[in-house]
Amino acid sequence: MMKLYNVEVSGNCYKVRLLLSLLNVDCEIVPIDIANREQKSPSYLKRNPLGEIPVLEDGELTLRDSQAILVYLARKYGGDTWLPSKPSEMALVMQWLFTACNEIARGPMDARFHYKFKQNLDIEKAHEKSKSILTMINLRLANRDWLELNRATIADIACFPYIALAHEGKISLDPYPHVQKWITNIKELPNFISMPGLE
Ligand SMILES: N[C@@H](CCC(=O)N[C@@H](CS)C(=O)NCC(=O)O)C(=O)O
């Protein structure tokens, strides 16, 4: 069976658990003790030299980075539903995976790291970046239910966790009603699962 090296409170791990659930795919969840820096232990660094979670193992394959893992699971188990193979559609979905690890990571994800995990970083910059990406996504969602293709794809799954957890970084979603509606849409997907901090 596949193995996911996981931390419950990590939004990057959660997006993988969420897609596994939406796809109804079994996976062994292996907890990593991040408080004791297990992710930096020699045996873990063999899996991911960056010393980060999540990591997915499937037989001989070892994958790091939640976006890459979403791509793998979507294509392996989801047919064309979550990540289509048509070049234009694939690229439209993938642009949001990069938004998730650039603008969303440097915005709401960093703001949450700062307040919830006491990381010393430039919180004003994280709030500024959050405002600009949330404004852009709110506008994008003004006349559509999903980020691309008029249906849920891994574009939505990749961007969802740290936006839905924005309040833990002291970012209010009140100015972004279309983003709030989109969060509700995702929560209503069949087989949706939650994580600590989302309710
Ligand atoms: N781009 C990576 C980022 C992974 C990441 O930032 N992991 C964090 C937890 S969410 C981590 O492992 N932090 C512990 C550390 O760096 O020591 C992904 O999307 O998977």
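Each ligand, and each atom within it, is numbered from 1 in the order the structure gives.
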Identify, for atom 7 (N) of ligand 1, the protein heavy atom at the shortest distance, and state residue, atom and that distance.
-> Ile53 O, 2.8 Å
For atom 2 (C) of ligand 1, which protein heavy atom lies nearest, and how many Å away is it?
-> Asp65 OD2, 3.5 Å
Can you tell which part of Arg64 has a heavy atom less than 4.0 Å from ligand 1: side chain, backbone, both or neither?
-> neither
What are the atoms of ligand 1, with element, lying closer than 4.0 Å to any heavy atom of Tyr162?
-> 10 (S)
Mind checking whether Arg37 has a heavy atom under 4.0 Å from ligand 1?
-> no
Find out whether Phe160 and Trp182 are in side-chain contact, i.e. whether some heavy atom of one side chain is under 4.5 Å from a heavy atom of the other.
-> yes
Taking only heavy atoms of Pro54 into account, list the atoms of ligand 1 that are under 4.0 Å away from them.
-> 20 (O)
Counting distance only, does the side-chain N/O of Thr62 pair as donor-acceptor with the main-chain N or O of Arg47 below 3.5 Å?
-> no
With backbone taken as N, CA, C and O and side chain as the heavy atoms from C-beta onward, which portion of Ser66 lies under 4.0 Å from ligand 1: side chain, backbone, both, or neither?
-> both
Between atom CD1 of Ile104 and atom CE of Met109, what is the distance when rounded to the nearest 0.5 Å?
-> 11.0 Å
Following the transitive rule for hydrophobic clusters with a side-chain heavy-atom cut-off under 4.5 Å over Ile, Leu, Val, Met, Phe, Trp and Tyr, establish whether Leu61 and Ile154 coincide in one cluster.
-> yes
Heavy atom of Cys101 under 4.0 Å from ligand 1?
-> no
Considering heavy atoms of the protein only, find what lies nearest to atom 16 (O) of ligand 1 and give residue, atom and distance to 0.1 Å.
-> Lys40 NZ, 3.5 Å
For atom 6 (O) of ligand 1, state which one of Asn12, Ile34, Leu50 supplies the nearest heavy atom.
-> Asn12
Distance-only side-chain donor-acceptor flag, Asn36 / Glu38, under 3.5 Å = no
With sequence neighbours left out, which residue pairs that include part of residues 86-95 fulfil the side-chain hydrogen bond (donor to acceptor under 3.5 Å, both in side chains) condition?
-> Gln95-Glu148
Could you tell me which atoms of ligand 1, counted from 1 in the order shown, lie closer than 4.0 angstrom to a heavy atom of Ser10?
-> 10 (S)
Do the side chain of Arg17 and the main chain of Glu8 share a donor and acceptor less than 3.5 angstrom apart?
-> yes
With hydrophobic residues grouped by side-chain heavy-atom distances under 4.5 Å, do Leu45 and Val55 end up in a single group?
-> no
Relative to the heavy atoms of Gln67, which atoms of ligand 1 are at a distance of less than 4.0 Å?
-> 19 (O)
Logged contact type for Gln39 with ligand 1, heavy-atom cut-off 4.0 Å, is side chain
Sorted by first residue and then second, give each side-chain hydrogen bond (donor to acceptor under 3.5 Å, both in side chains) pair with at least one member in residues 114-137; sequence neighbours left out.
-> none
